[in-house]
Protein chains: 2
Amino acid sequence: MAKRVSIIGSGNWGSAIARNIGQTTLQHKDTFESEVKMWVYEEIVNGEKLSEVINNRHENIKYLPGKKLPENVVAVTDLVEACKDADYLIFVVPHQFVTGLCNQLKGKIKPQAQAVSMIKGLALNDKSKNGIHLISDEIKSILNIRCSVLMGANLAHEVAEDQFCEATIGYSGTDPEEAKTLKKLFHRDFFRITVVKDADTVELCGALKNVVAVAAGISDGLGYGDNTKAAIIRLGLMEITKFVEKFFPPSDLRTFFQSCGVADLVTTCYGGRNRKLGMAFAKSDKDIKTLEKEVLNGQSAQGVYTAEEVAVMLKNTNSENEFPLFIGVDKVCKKEIKPEDLIECLKNHPEHD
Amino acid sequence: MAKRVSIIGSGNWGSAIARNIGQTTLQHKDTFESEVKMWVYEEIVNGEKLSEVINNRHENIKYLPGKKLPENVVAVTDLVEACKDADYLIFVVPHQFVTGLCNQLKGKIKPQAQAVSMIKGLALNDKSKNGIHLISDEIKSILNIRCSVLMGANLAHEVAEDQFCEATIGYSGTDPEEAKTLKKLFHRDFFRITVVKDADTVELCGALKNVVAVAAGISDGLGYGDNTKAAIIRLGLMEITKFVEKFFPPSDLRTFFQSCGVADLVTTCYGGRNRKLGMAFAKSDKDIKTLEKEVLNGQSAQGVYTAEEVAVMLKNTNSENEFPLFIGVDKVCKKEIKPEDLIECLKNHPEHD
């Protein structure tokens, strides 16, 4: 029987992926119901309700202006109404809203539904013994359903322009047919999907890369050259792999070669707002909060907060010496050491032993 | 007994590494003789012999102006004289000169000497059955000595400024103590060495990255965005790993995470002359030779020629379908397909199956 898909979120990335899902569901009518409900947080934009604009003019004029949404994508402002019949729940909201939304949905969705999280970051509340809590774990634990993830080097506006890119699905189940169905839901001519099994690795790549990007930005801000930046990106990648292998085993080394791994890391370290924040921080005496306002228009630099959460976990497990880059970024951001000293932290990196 | 080290080559990279080797040999007097002979191809610069300038003023005023060379680095213009007593021969010359230099040295070096090649590229003459011939193999086969390699994200002028960076030694032997000695010869506070065993992988990374950089340049020249470039770099990395695993086994996947692998690839795809050439090629109707003159001041874009050699090998082994990026770059450079069609080559990449 054809599966129903609902998208939870309608921001820039949510709207971009809705364009893809609206088309893949039409393309595979035997597999998916054509109607895709998209939960929209209602706002008034230029005197009109955003949900009505989307349903009448098929465009998200606030978050993805100028791009048509497929007509089978239907905006729904009631969260439970949007999700109650869904077989696939696609989460694409800012990470701080996940817990609240899941609590609203608890007991009101199909028991056999499954989730896909496209959210890059870590969950805010710290429940696990290790100190790091994955967003997919948050979704799983509240809704009691499986949760896969989709990550990659995917700037939303480029995806919305059908520019060629890749993404990685970390599939949380064991059924090869179901993995194929999941791939079908996202895979397009210009949006190429690889499915791998170690979902935790995929998700952690998406969160931890931001810490490395802050370090890359600090290096850029200090005027260091290409060699140093390359060393930072590589040592960052080594710390990501080691972190995942140590705290979230088992992990397949090949997953780090996927779009979620090296590709997303590189893109984030050359563009991206975490790198921008790191660069501004190294050049000024201002604190993170001030720079978020001045440089990122009030958006948060997640790498800074992820570094803090990671540092707590590394302290709790006496593993600080194994992760000098992660620890160094946290110390620089807290002004415990100077930006220049970040390089000192890397000179005796365990990777060089 | 302390080992003698000779450097064959005194260009930009040769002079930069001579600064390091001059210091490490002084630092480890028990291990190395302090005097390091550096073979210099004699030139007259501003009316003076380059070798005399180096020996009197300790500066290579033509290829590394403004940087002092350690006084224990001694310029020698006679190749055999420079090398005959050496235990370590460090090759750092343009790849087209390797065969001729080795032929001059044949039978005139210590039988137990060992070489280290710092040359990124493939040997010009094609003797091996596969069609790809490594420079280290050329050195080994002519001189009948072992040859390790050193590769990494190492722009010479940044190394000469003691900016923090990393490099990878691919050690061709089996003796852990000897590997440690080799590391000692290069490892400094700002130049961090990791030693791995699969030397072929290290060397091939150094050569094949240039093909990927041409592709990255084409993408930049066509105005494609960050997602597409990230996909190209990643698919390029996958083709490098597959190429090495298929034609030069065994290969350790972890080696691609070293400075010679992902770090050098990324740096080359964002800066570097192969990327520059690819970008110019995509934007104009001119051919490669013309653009080498106009854009690279007559330097060669090695990625173009490496792509051609690799393509021949892939045709000989019926493996073209497995390497659409390598084949696509060769076809674009030969104007068999348009730059735009490179992306078409990647859409059905075997990595997405």
Side-chain angles (χ1 to χ4, degrees), chain A residues 152-159 161 163-167 183 187-195 219 223-235 237-238 241 253-254 256-272 342-344 346-349 351-353, chain B residues 152-159 161 163-167 183 187-195 219 223-235 237-238 241 253-254 256-272 342-344 346-349 351-353:
Chain A
N154 303 136
L155 295 175
H157 71 276
E158 294 183 12
V159 172
E161 284 169 4
Q163 288 197 30
F164 177 74
C165 72
E166 302 184 296
K183 179 170 178 168
H187 195 65
R188 289 186 63 201
D189 196 29
F190 287 91
F191 193 75
R192 312 300 289 175
I193 300 290
T194 306
V195 182
S219 179
Y224 297 152
D226 292 331
N227 294 357
T228 304
K229 186 163 174 176
I232 285 174
I233 294 174
R234 186 191 89 80
L235 289 170
L237 181 60
M238 297 316 294
T241 62
L253 201 61
R254 291 195 179 260
F256 298 99
F257 286 108
Q258 295 297 338
S259 183
C260 64
V262 64
D264 197 16
L265 174 66
V266 165
T267 306
T268 308
C269 287
Y270 278 88
L342 181 62
I343 300 300
E344 290 302 316
L346 302 183
K347 274 194 197 157
N348 291 306
H349 200 285
E351 278 300 313
H352 302 141
D353 292 341
Chain B
N154 303 138
L155 294 175
H157 72 275
E158 294 183 11
V159 172
E161 284 168 4
Q163 288 198 30
F164 177 75
C165 72
E166 302 184 294
K183 178 169 177 166
H187 195 66
R188 290 185 63 202
D189 196 26
F190 285 91
F191 193 74
R192 312 300 288 175
I193 300 290
T194 307
V195 182
S219 179
Y224 297 151
D226 292 331
N227 293 358
T228 303
K229 185 163 175 174
I232 285 174
I233 294 173
R234 187 193 88 80
L235 289 170
L237 180 61
M238 298 315 294
T241 62
L253 200 61
R254 291 195 179 261
F256 299 99
F257 287 105
Q258 294 298 336
S259 182
C260 64
V262 64
D264 196 15
L265 174 66
V266 165
T267 306
T268 309
C269 287
Y270 278 87
L342 181 62
I343 300 301
E344 289 303 314
L346 302 182
K347 274 193 195 158
N348 291 305
H349 200 286
E351 277 300 314
H352 302 139
D353 292 344

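What you are looking at is a predicted structure, and each value in this text was computed from that prediction instead of being measured. Lettering of chains follows the sequences in order, A, B, ..., and the numbering in each one begins at 1.
- In this structure, chain A has heavy atoms under 4.5 Å from both the backbone and the side chain of B:Leu346.
- Heavy atoms of B:Gln258 lying under 4.5 Å from chain A belong to its backbone as well as its side chain.
- Listed options B:Leu237, B:Ile233, B:Val195 were ranked by heavy-atom pairs under 4.5 angstrom with chain A; first place goes to B:Leu237.
- When all heavy atoms are compared, the tightest approach of A:Cys165 to B:Asn227 is CB-CB, 3.4 Å.
- Summarising the geometry, atom CZ belonging to B:Arg254 is positioned 4.5 Å from atom CG belonging to A:Leu253; distances are rounded to the nearest 0.5 Å.
- Of all heavy-atom pairs spanning A:Thr194 and B:His352, the tightest one is OG1-CD2, 4.0 Å.
- A:Tyr224 OH to B:Glu161 CD: the interatomic distance, rounded to the nearest 0.5 Å, is 12.0 Å.
- Here A:Lys347 contributes atom NZ and B:Phe164 contributes atom CZ; the two are 8.0 Å apart, rounded to the nearest 0.5 Å.
- Counting heavy-atom pairs closer than 4.5 Å to chain A, the top residue among B:Gly261, B:Ala231, B:Gly152 is B:Ala231.
- For the options B:Leu235, B:Asp264, B:Ile343, heavy-atom pairs under 4.5 Å to chain A are most numerous at B:Leu235.
- For the set A:Asn154, A:Leu265, A:Ile193, the entry with the most heavy-atom pairs within less than 4.5 Å of chain B is A:Asn154.
- Both the backbone and the side chain of B:Leu155 have a heavy atom closer than 4.5 Å to some heavy atom of chain A.
- Of the listed residues (A:Glu158, A:Lys183, A:His157), the one with the most heavy-atom contacts under 4.5 Å to chain B is A:Glu158.
- Counting heavy-atom pairs closer than 4.5 Å to chain B, the top-ranked of the candidates A:Val262, A:Asp353, A:Val266 is A:Val266.
- Using a 4.5 Å cut-off between heavy atoms, B:Lys229 does not touch chain A at all.
- Proximity to chain A is limited to the side chain of B:Tyr270, based on heavy atoms less than 4.5 angstrom apart.
- Considering all non-hydrogen atoms of both residues, B:Ala230 and A:Thr267 come closest at CB-OG1, 3.1 Å.
- Taken from CG in B:Asp189 to CD in A:Glu344, the straight-line distance is 7.0 Å, to the nearest 0.5 Å.
- Your options are A:Asp226, A:Ile232, A:Thr241, and the one with the most heavy-atom pairs under 4.5 Å with chain B is A:Asp226.
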### Message
As a quick check of understanding, evaluate side-chain contact (heavy atoms from CB on, under 4.5 Å) for B:Arg234 and A:Glu166, giving each step before the final call.
### Response
CA-CA 9 Å; B:Arg234 187 193 88 80; A:Glu166 302 184 296; 2.7 Å; yes
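- The closest donor-acceptor contact from the side chain of A:Gln163 to the backbone of B:Thr228 lies at 3.5 Å or more, if one exists at all.
- The contact between B:Val159 and chain A is made by backbone and side chain atoms together, counting heavy-atom distances below 4.5 Å.
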